[in-house]
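Below is one structure, written out as structure tokens; the observations come after it.
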Amino acid sequence: MNPNSQNIEQLRADFPILGRQIYNRPLVYLDNAATTQKPKCVVDAIADEYYNLNANVHRGVHYLSQQATELHEAARIRVKEFIGAHSEREIVFTRGTTESLNLLAFSLGEWLLGEGDEVIISTMEHHSNIVPWQMLRDRKGIVLKVIPVDDRGDLLLDEYEKLFTERTKLVSVAHVSNVLGTINPVDEMAEIAHDKGCLIIVDGAQSVPHMPINVEQMDCDFLVFSGHKMYGPTGIGVLYGKESLLSQMPPYQGGGEMIKTVSFEKTTYEELPYKFEAGTPDYVGSHALAIAIDYLEALGMDNIARYEDELLRYAMEQMQTIEGMKIYGESDKKDAVISFNIEGIHHLDLGTLLDRLGVAIRTGHHCAQPVMQRFGVEGMARVSFALYNTKEEIDAFIAALRRVQKMF
Ligand code: PLP
């Protein structure tokens, strides 16, 4: 089904929470970059697995354990197909983007990076793609370099190229900024990084749910993303990595599942991807994530991207009619995320009053304080769209904005 204004109500019926009232008003949920709502098929898959076939995976010879293992491993193959990876050995399940990035900072920190080696990130990174590298800097003395952003919210690619030296080993950048909405040219950035002999990590937390992604085309070395931002459950995420690299990297955590043999003298590690999956995995979450992927693919990622782009354009047009509106991030290549401030109204007051009118938005620093510093503000308000939002909801948001503005 192609999401459009004709069939959107039918599609919204898949998401029971969207029928809720907040303070006796219909919920207008515009905080999708933080997390998306879940279709009934995802929630049903979770309930069904706990009710009917719950058992620990990879361990039991019994029927339930084998069934649960089959679902878990089928989910890995589903993820592999969804992002165009070469092999399911390249798909590591984690708790989410943050854990995937911490795993990479630790493991690449052990294998690839030594004192004085340089890692390039960008001004528009989420804290989860800044802090793990700073922790590594404290442990190992690596050097962090930062790609600047222009006033429209685009990365300065010339400056990016200039940052490389013979000590640069790694680039780690967001595909889509969770504040500015900018879609970064990661294909081009990967080509540049590889030309310089460096690896590249792409943070796909805000892109994988909203557009077709193919890791082979992008030619990233690693891609990380979260289930909960793509209509799947919370607590499950993915680290994709090229097999040739993952196979050389040391494990991140130790424990059950990730070993072949253990004795007090010596332990040997499992093959990929299990080497990186210590402990009981979220096998219910992985299956439910596969169901979310089925849901997305039935709609078509191209169709979703096109529909959300319509919403973005409509919202940008409408928002610019509000007096005192300042929008941050006006790249020509922009995803459905709009951060803004309105002159004379603190973003926190704006969010609180909009909430009273049934409109859920995000306010604050959006876990990206360096972007706030770049644009000289302490915080911003943000609306972000998903495949179930409508132009009518944008109208309701704009009407609510005007009402709040009148109160000041
Ligand atoms: N990276 C980006 C670009 C994000 O937007 C987010 C969350 O908002 C994250 C990383 C962290 O994701 P999670 O909290 O699911 O680990």
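- Between K333 and D154, none of the side-chain N atoms (NZ, or NE/NH1/NH2) sits under 4.0 Å from a carboxylate O, so this pair counts as no salt bridge.
- Salt bridge D151/R374: present, at least one basic N to carboxylate O contact under 4.0 Å.
- Side chain of N4 to main chain of N2: a donor-acceptor pair is present (N/O by atom type, distance under 3.5 Å, no hydrogens or angles).
- Side-chain atoms of H346 come within 3.5 Å of backbone N or O of L348 as a donor-acceptor pair.
- Panel note: side chain S107, backbone L103; no donor-acceptor pair is recorded below 3.5 Å.
- Salt bridge annotation for K38-D44: absent, with no cationic side-chain nitrogen under 4.0 angstrom from a carboxylate oxygen.
- Seen from the ring of Y388, R12 does not count as a face-on cation partner, given the 6.0 Å and 45° thresholds.
- Taking a cutoff of 4.0 Å between a charged side-chain nitrogen and a carboxylate oxygen, D31 and R362 do not qualify as a salt bridge.
- No donor-acceptor pair closer than 3.5 Å links the side chain of N184 to the backbone N or O of V186.
- For the residue pair D395 / Y314, a side-chain donor-acceptor distance below 3.5 Å is found, with atom types taken as modelled.
- In this structure, the side chain of Y160 engages the main chain of M189 through a donor-acceptor pair within 3.5 Å.
- A salt bridge does not link R76 to E88: none of the charged nitrogens lies less than 4.0 Å from a carboxylate oxygen.
- Checking side-chain atoms of T98 against main-chain N and O of S128 turns up no donor-acceptor pair under 3.5 Å.
- Checked by atom type and distance alone, the side chain of T123 pairs as donor or acceptor with a backbone atom of I147 at under 3.5 Å.
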